[in-house]
Novice: 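After the structure tokens below, expect a handful of questions from me.
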There are 2 protein chains.
Amino acid sequence: MNIQQLSNETGIGVDALRIWERRYGFPAPERDTRGFRIYSAEQVDELRLVKTLLDHGRRPGKIFALSAAERRDLVAQLVTSDSTSDQGLRKLVEEGSPSRISAELTARRNELGLEAFVVDVALPLLQLLDHGWTMGRINVAREHLVSDRLEELLKRELSAEEDNGERPQVLFLTLSGERHKLGLLLAATLFKQAGVAPLWLNEELPLSEIPALADELQVAGVALSFSSHYSPRQAREDLGLLRRSLSPRIRLIAGGQSVHQLPSLKDLIISTDLQQIPQLVKRHFLHPLKG
Amino acid sequence: MNIQQLSNETGIGVDALRIWERRYGFPAPERDTRGFRIYSAEQVDELRLVKTLLDHGRRPGKIFALSAAERRDLVAQLVTSDSTSDQGLRKLVEEGSPSRISAELTARRNELGLEAFVVDVALPLLQLLDHGWTMGRINVAREHLVSDRLEELLKRELSAEEDNGERPQVLFLTLSGERHKLGLLLAATLFKQAGVAPLWLNEELPLSEIPALADELQVAGVALSFSSHYSPRQAREDLGLLRRSLSPRIRLIAGGQSVHQLPSLKDLIISTDLQQIPQLVKRHFLHPLKG
DNA sequence: ATACAACTTTGTCTAGGACAAAAATGAATA
DNA sequence: TATTCATTTTTGTCCTAGACAAAGTTGTAT
């Protein structure tokens, strides 16, 4: 695998890969006849672990000071503890066929109702996927297979017709560079359940486009999420800028890893817990004066 | 805008941008205090046009020999869909509300049937969006708003239950780094209409994961698309590698800009025309012995 | 404990060079 | 005239190595 492909697969920049080799001597790929780097499958796996550690806030200097085994242990420690006791769910993730997965998820959704499904099935499922993937228990393909079925189900819920037409509209989207959308999708589903009309924008949008769009669509709020891939600093800066350029009557809601320990900004709603979304919606959208 | 952002927006590689400046003196961006390139909005627009010309087969040497006005004229000439006579569609793109867009698209789909809808509405719509965007007529937000509604509709078609269970399964996906999925989604819809059972993977997948997945799912084929953002060179290499690592009985289908002028590989089906998908499916999937 | 200054780490940019692959050109042949 | 083949030109992706601001860490003084 060449350096460009590796960069695509891991999300680590080409320049970073080269300078790590210069400074830390790792990764040290083979070279082809032209002197071009060729990375082995083992190096790719190793770099995936490195990326996970980076996403959890460790710095390269520390990471490369560890042995491969120590890195593995550390990752195991950091990744959300694998305490999901739902064996059915685990089995589904590890070996279910696409149609089995869809069927099982749909069955659970109907049995539990949407709200309980999101909190007790969808969220644990995401954690299971995340954990299984970083530890190498399940491969990327498997992860996508499962998460795509969940996404399909949730999107269907989102686009289903509602009873009345006078709900406040809320725009759900991610900024350019933020590719993790499933968490936000869970939130959007709960928002809908709680009484708003979610408008889901699937594609990432440059910050500068948002104020005009929100204005044009006359939404009551804009909800964003920032996964661990997004630097917290950047998230804070973006949210500040967005708050200032957005009309004051439009509520701004942020969620996701990178926003958990954010010093709260003025007129910014931070949502760290899916379970509190119903209250959040009531307070900020349905009975705004009582809040 | 810095060089990395520009590269993301235009799909032109960072190295290409720098070497064009070295060789042709264009683009010649301002520099900040550190000597870093800063591209102006005009240069970004200009480079979008350049990219369009490249995608139409012109070579940089020729492109940069032209004046800005000549380039604009040439693009106007080359871009097909300005001739889309469907004024309703154009108006919808430029000023329809999300719900209006969804309603209109659904109405047309029901009126025309799926096949005609894809060919006569969805495809022209994509071209209209692409054209409007390259010429600066519509902004990113608007483009996403419209394309997301179309995506929603098509996904619903894809996940709708079919009559019988014995269709050959085909896996639809894009490789890591390829983010344009709508063209492939149109194709998948037509594949379904023509009698295969499409399995849509929404998230990009590393090449190396595909053979095992295809095997596990027992699919009859794998379909990929490569937009103009994907370098044709890379596309060819990837397809060659995939062909070699995929079980020979699994058909491999490729589509998209970057694959149009590809010297045909052995045992690779290249699909450049949506209209021919029904025949393609018949020949390769339904009556494979007659082909 | 908190604030501030000094130091260290890090990734993204810079420049210019090399070279294979693709495209264009030209010459020779059918 | 059309087709093949060899040569030349064009082109983008990789290479090395250096610079520096921004982010993170440490140490000191309040």
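Protein chains get the first letters and strands the later ones, always in sequence-line order, with residue 1 at the start of each.
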Novice: Starting from P on C/dA22, measure out to CD on B/Gln234 and report it in whole angstrom.
Specialist: 12 Å
Novice: Which nucleotide sits closest to the side chain of B/Arg22: C/dG16, C/dG11, C/dA22?
Specialist: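 Selected nucleotide: C/dG16.
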Novice: Identify whether any heavy atom of B/Phe64 sits under 4.0 Å from a base atom; if not, whether one sits that close to sugar-phosphate; answer base, sugar-phosphate or nothing.
Specialist: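 Nothing, no nucleic acid heavy atom in range.
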Novice: Would the distance check show the side chain of B/Glu143 and the main-chain N or O of B/Asp130 forming a donor-acceptor pair, the cut-off being under 3.5 Å?
Specialist: no
Novice: Salt-bridge test for A/Arg179 and B/Glu203: reply yes if a basic N is under 4.0 Å from a carboxylate O, no otherwise.
Specialist: no
Novice: Establish, with yes or no, whether the OP1 or OP2 oxygen of D/dG12 is under 4.0 angstrom from a side-chain nitrogen or oxygen of B/Trp20.
Specialist: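 Yes, B/Trp20 has a side-chain N/O under 4.0 Å of OP1/OP2 on D/dG12.
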Novice: Short question: side chain of B/Arg71, backbone of B/Val50 - any donor-acceptor pair under 3.5 Å?
Specialist: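 Such a contact is absent between B/Arg71 side chain and B/Val50 backbone.
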Novice: May I have the distance from A/Ile63 (atom CD1) to C/dT9 (atom P), rounded to whole angstrom?
Specialist: 15 Å
Novice: Test of understanding: with side-chain contact (heavy atoms from CB on, under 4.5 Å), list the residues that count as partners of B/Asn2, not counting sequence neighbours.
Specialist: B/Gln4, B/Gln5
Novice: Please list residues of residues 4-19 of chain B whose heavy atoms come under 4.0 Å from any atom in DNA chain D, ordered by number; otherwise none.
Specialist: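 Going residue by residue through residues 4-19 of chain B, the ones with a heavy atom under 4.0 Å of DNA chain D turn out to be B/Asp15, B/Ile19.
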Novice: Under a 4.0 Å threshold between the charged nitrogen and the carboxylate oxygen, would A/Glu151 count as salt-bridged to A/Lys181?
Specialist: no
Novice: Whether the side chain of A/Arg243 engages the backbone of A/Leu268 through a donor-acceptor N/O pair (distance < 3.5 Å, no angle test) should be reported.
Specialist: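 Checking the backbone N and O of A/Leu268 against the side chain of A/Arg243, no donor-acceptor pair under 3.5 Å is found.
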Novice: Can you check whether B/Trp20 and B/Phe26 have ring centres sitting under 6.0 Å from each other?
Specialist: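 No, ring centres 6.0 Å or more apart.
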Novice: Between B/Glu21 (CD) and D/dT13 (C1'), how many Å, whole number?
Specialist: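 In whole Å, D/dT13 C1' and B/Glu21 CD are 17 Å from each other.
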Novice: Rounded to the Å, how far apart are B/Asp55 CG and D/dG12 P?
Specialist: 12 Å
Novice: Note the angle between the end axes of the helix from C/dA1-D/dT30 to C/dA30-D/dT1, five pairs defining each, rounded to 10 degrees.
Specialist: 30°
Novice: side-chain contact (heavy atoms from CB on, under 4.5 Å) with A/Leu201: which residues, sequence neighbours excluded?
Specialist: A/Leu171, A/Leu173, A/Leu205, A/Leu213, B/Leu145, B/Asp148, B/Arg149
Novice: Measure from NZ on B/Lys51 to C1' on D/dG12 and round the result to the nearest Å.
Specialist: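 So the two atoms are 13 Å apart, to the nearest Å.
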Novice: Given C/dT10, C/dC13, C/dA24, which nucleotide is nearest the side-chain atoms of B/Arg59?
Specialist: C/dA24
Novice: Within the structure, does a side-chain N or O atom of B/Asn2 lie under 4.0 Å from either OP1 or OP2 of C/dC13?
Specialist: yes
Novice: What residues form a side-chain contact (heavy atoms from CB on, under 4.5 Å) with B/Arg244, not counting sequence neighbours?
Specialist: B/Leu241
Novice: Are the side chain of B/Arg59 and the backbone N or O of B/Gly57 linked by a donor-acceptor pair below 3.5 Å?
Specialist: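 Here the side-chain-to-backbone pair does not exist.
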Novice: Can you measure A/Lys62 atom NZ to D/dT25 atom P for me and round it to whole angstrom units?
Specialist: 7 Å
Novice: Just to be sure I understand the geometry, which residues of residues 27-38 of chain A put a non-hydrogen atom under 4.0 Å away from DNA chain D?
Specialist: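 Those residues are A/Arg31, A/Gly35, A/Phe36, A/Arg37.
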Novice: Both B/Gly57 and A/Leu54 contact DNA chain C. Taking the nearest nucleotide for each, which residue is further toward the 5' end?
Specialist: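 Result of the comparison: A/Leu54.
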Novice: Find the distance A/Arg23:CZ to D/dG18:P and express it as a whole number of Å.
Specialist: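 Whole-Å distance recorded here is 12 Å.
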Novice: If you look at every heavy atom in A/Glu9 and B/Leu207, which pair is closest and at what distance?
Specialist: OE2-N, 3.8 Å
Novice: Apply salt bridge (Lys or Arg N to Asp or Glu O under 4.0 Å) to the pair B/Arg142 and A/Glu209, showing each step before the final yes or no.
Specialist: CA-CA 9 Å; B/Arg142 191 91 219 145; A/Glu209 298 263 338; over 6 Å; no
Novice: Would you say A/Tyr24 reaches C/dT9's phosphate, i.e. side-chain N/O to OP1/OP2 under 4.0 Å?
Specialist: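 Result: no.
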